[in-house]
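Remarks on the structure that follows.
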Amino acid sequence: MLRADALLSRFGYCSRREAAAWLRAGRVLLDQSPVTSPSAKVDPARVLVDGQPVPFVHGIFAALHKPLGYTCSHTSENGSPTIYELLPAQWESRTPAVQSIGRLDKETSGLLLLSDDGALVHALTSPKRHIEKVYEYRTASPVPSEAAALFAAGSLTLNGEKSPCLPATLEPDASDPCHGLLRLHEGRYHQVRRMLAAVGAPVVELTRVAIGPLQLASLSLKPGEWIPINPQRFTDVS
Ligand code: URA
């Protein structure tokens with residue numbers, strides 16, 4: 001149960017100060033009756049605001065197909081569009097606001113998870129969980145055949161880093177040495193680009209195609225589209 005004014009601000013309708021006017025105007029109904037007092041305790045799941053149920057009343061967990069050219073920041077950098085422009089505007093006004101679970105570079109496309117649940121974000125980004133992330137790459141020059149063993153051994157230390165990368169699995173295409181999959185169990189800054197650059201094969205295209213049990217291909221999302229996901233799909237995933 002929440003105070004009516006707290007509900008309106010928590011779910012991104014208006015500020016707590018503005019809530020009294022929303023309530024006076026009869027915009028909030030509980031079991032068909034207007035809730036007029038800001039301090040009235042209400043169950044968000046039983047409330048209608050402007051005739052509609054409160055969306056994502058139990059919190060947001062969603063998958064987005066991030067398009068190329070979008071940043072994962074909340075504020076636009078150098079005029080670039082942000083992923084938040086692809087999501088319902090009300091999500092940004094909720095408290096807590098929705099955030100991406102990890103990030104993809106502006107020039108990387110693919111699967112990105114989003115949530116407004118800080119504990120869930122923390123659990124899924126925790127280095128202890130080692131959730132597998134799979135990237136499909138295209139490189140400007142062939143990836144040398146020794147790269148798979150180097151990555152698998154966990155002995156590659158990237159420039160400026162103190163510890164080596166965790167063991168990672170490289171699966172190059174049998175017919176195209178410039179294309180393949182890289183499976184990681186951690187998320188360092190620009191990790192795929194830096195690992196492949198370290199073996200002399202700069203990345204020219206990068207897409208995240210899976211996170212744990214979720215495959216981008218099976219979600220049928222076009223770039224820019226999102227869908228709600230049941231967080232239980234990530235329970236006990238490592
Ligand atoms: N590795 C990268 O280089 N970029 C990403 O966006 C994700 C992983």
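All ligand and atom numbering here is 1-based and tracks the order in the structure.
- Residues of the protein with a heavy atom under 4.0 Å from ligand 1 are Leu104, Asp105, Thr108, Tyr135, His190, Gln191, Val192, Arg193, Leu206, listed by chain and number.
- Residue Val54 shares its hydrophobic cluster (ILVMFWY side chains chained together at separations under 4.5 Å) with Leu2, Leu7, Leu8, Phe11, Tyr13, Trp22, Leu23, Val28, Leu30, Val35, Val42, Val47, Val49, Val57.
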Below 3.5 Å, can you tabulate the donor-acceptor pairs from side chains in residues 144-156 to any protein atom, sequence neighbours excluded?
none

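- When the options Leu112, Leu113, Leu111 are evaluated for a side-chain contact (heavy atoms from CB on, under 4.5 Å) with Leu64, the one that passes is Leu112.
- Shown are Gln191, Arg129, Lys133; of these, the side-chain hydrogen bond (donor to acceptor under 3.5 Å, both in side chains) with Glu186 is made only by Gln191.
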Donor-acceptor contacts, no H, no angles, side chain residues 215-227, under 3.5 Å, sequence neighbours left out:
{"unit_1": "Ser218", "atom_1": "OG", "unit_2": "Gln215", "atom_2": "O", "d": "2.9"}
{"unit_1": "Glu225", "atom_1": "OE1", "unit_2": "Lys222", "atom_2": "N", "d": "2.9"}

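- The local environment of CG in Asn159 is sparse, with at most 12 non-hydrogen atoms from other residues, nucleotides or ligands closer than 6.0 Å.
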